[in-house]
Amino acid sequence: MTARIWVTLKSGVLDPQGKAIAGALDSLGFSGVEDVRQGKYLEVKLDAPDEAQARQDVERMCEELLANTVIETYRFELEQA
């Protein structure tokens with residue numbers, strides 16, 4: 001089973017890297033970009049007995065390591081291998 005995980009900053013949290021990307025895009029001539037919010041994407045291969053266990057494991061991974069839940073939010077989807 002594969003977990004596809006997206007971690008992004010919560011709205012209202014300052015995103016200096018997103019601002020830098022927006023500035024770089026503007027300097028490259030992409031003048032229509034209004035805002036950029038950056039985050040991270042992870043794929044985790046799991047050997048879980050069932051989807052419920054995989055979901056529980058991924059939630060725990062996100063809460064304990066993959067996301068800083070004070071400033072970030074996460075979502076994930078599971079895909080059978």
Side-chain angles (χ1 to χ4, degrees):
M1 192 171 298
T2 301
R4 301 182 195 288
I5 305 165
W6 292 267
V7 179
T8 56
L9 290 169
K10 290 180 178 176
S11 65
V13 174
L14 209 59
D15 184 359
Q17 188 174 356
K19 294 287 184 207
I21 293 167
L25 290 171
D26 185 61
S27 70
L28 290 171
F30 296 100
S31 58
V33 177
E34 294 181 5
D35 191 25
V36 175
R37 300 287 289 173
Q38 60 83 37
K40 58 188 169 188
Y41 170 75
L42 305 102
E43 285 187 5
V44 178
K45 303 260 188 233
L46 300 164
D47 182 19
D50 55 43
E51 185 172 331
Q53 182 64 53
R55 188 166 298 281
Q56 184 178 8
D57 288 348
V58 172
E59 284 179 6
R60 188 169 161 225
M61 290 175 198
C62 290
E63 294 287 331
E64 293 184 11
L65 178 68
L66 302 178
N68 177 349
T69 57
V70 174
I71 61 169
E72 295 174 323
T73 186
Y74 65 87
R75 65 182 175 86
F76 64 90
E77 60 187 38
L78 298 174
E79 179 180 299
Q80 294 290 338

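Residues take their numbers from the sequence shown, with the count starting at 1. From a predicted model like this one, the values you see are computed outputs, not experimental measurements.
- Going from atom CE of M1 over to atom NZ of K45 covers 12.0 Å, rounded to the nearest 0.5 Å.
- Residue R60 qualifies as open at atom CZ: its count of foreign heavy atoms under 6.0 Å is 12 or below.
- Legend: residues meeting side-chain contact (heavy atoms from CB on, under 4.5 Å) with I71, ordered by chain and number and at least two apart, are L9, V13, N68.
- The salt bridge (Lys or Arg N to Asp or Glu O under 4.0 Å) test applied to E77 returns no partner, not counting sequence neighbours.
- Nearest heavy-atom pair across A24 and S27 is O-OG, 2.7 Å.
- For the atom pair CD of E72 and OG1 of T8, the computed distance is 7.5 Å after rounding to the nearest 0.5 Å.
- Distance check: L78 CG to D57 CG gives 10.0 Å after rounding to the nearest 0.5 Å.
- Checking E59 against Y74 by side-chain atom types alone, no donor-acceptor pair falls below 3.5 Å.
- Environment of CG in D50: crowded, with over 12 heavy atoms of neighbouring residues, nucleotides or ligands closer than 6.0 Å.
- Taking CG of D15 as the reference point, atom CZ of R37 lies at 4.5 Å (rounded to 0.5 Å).
- Around atom CZ of F30, no more than 12 heavy atoms belonging to other residues, nucleotides or ligands sit under 6.0 Å away.
- Applying the side-chain hydrogen bond (donor to acceptor under 3.5 Å, both in side chains) rule to Q80 yields no partners; only residues at least two apart in sequence or on another chain are considered.
- Closest approach of S31 to D26, counting heavy atoms only: CA-OD1, 3.9 Å.
- Hydrophobic clustering of Ile, Leu, Val, Met, Phe, Trp and Tyr side chains at less than 4.5 Å, counting indirect connections, unites L42 with L65.
- In this structure, CG in L14 is found 7.5 Å from NZ in K19, a value given to the nearest 0.5 Å.
- Applying the salt bridge (Lys or Arg N to Asp or Glu O under 4.0 Å) rule to K10 yields no partners; only residues at least two apart in sequence or on another chain are considered.
- Within the 4.5 Å cutoff, the side chain of V58 has no heavy atoms near those of the V44 side chain.
- Under the rule for a salt bridge (Lys or Arg N to Asp or Glu O under 4.0 Å), R75 has no partner lying at least two apart in sequence or in another chain.
- Here the shortest heavy-atom pairing between V7 and L66 reads CG2-O, 3.9 Å.
- Legend: residues meeting salt bridge (Lys or Arg N to Asp or Glu O under 4.0 Å) with R55, ordered by chain and number and at least two apart, are E51.
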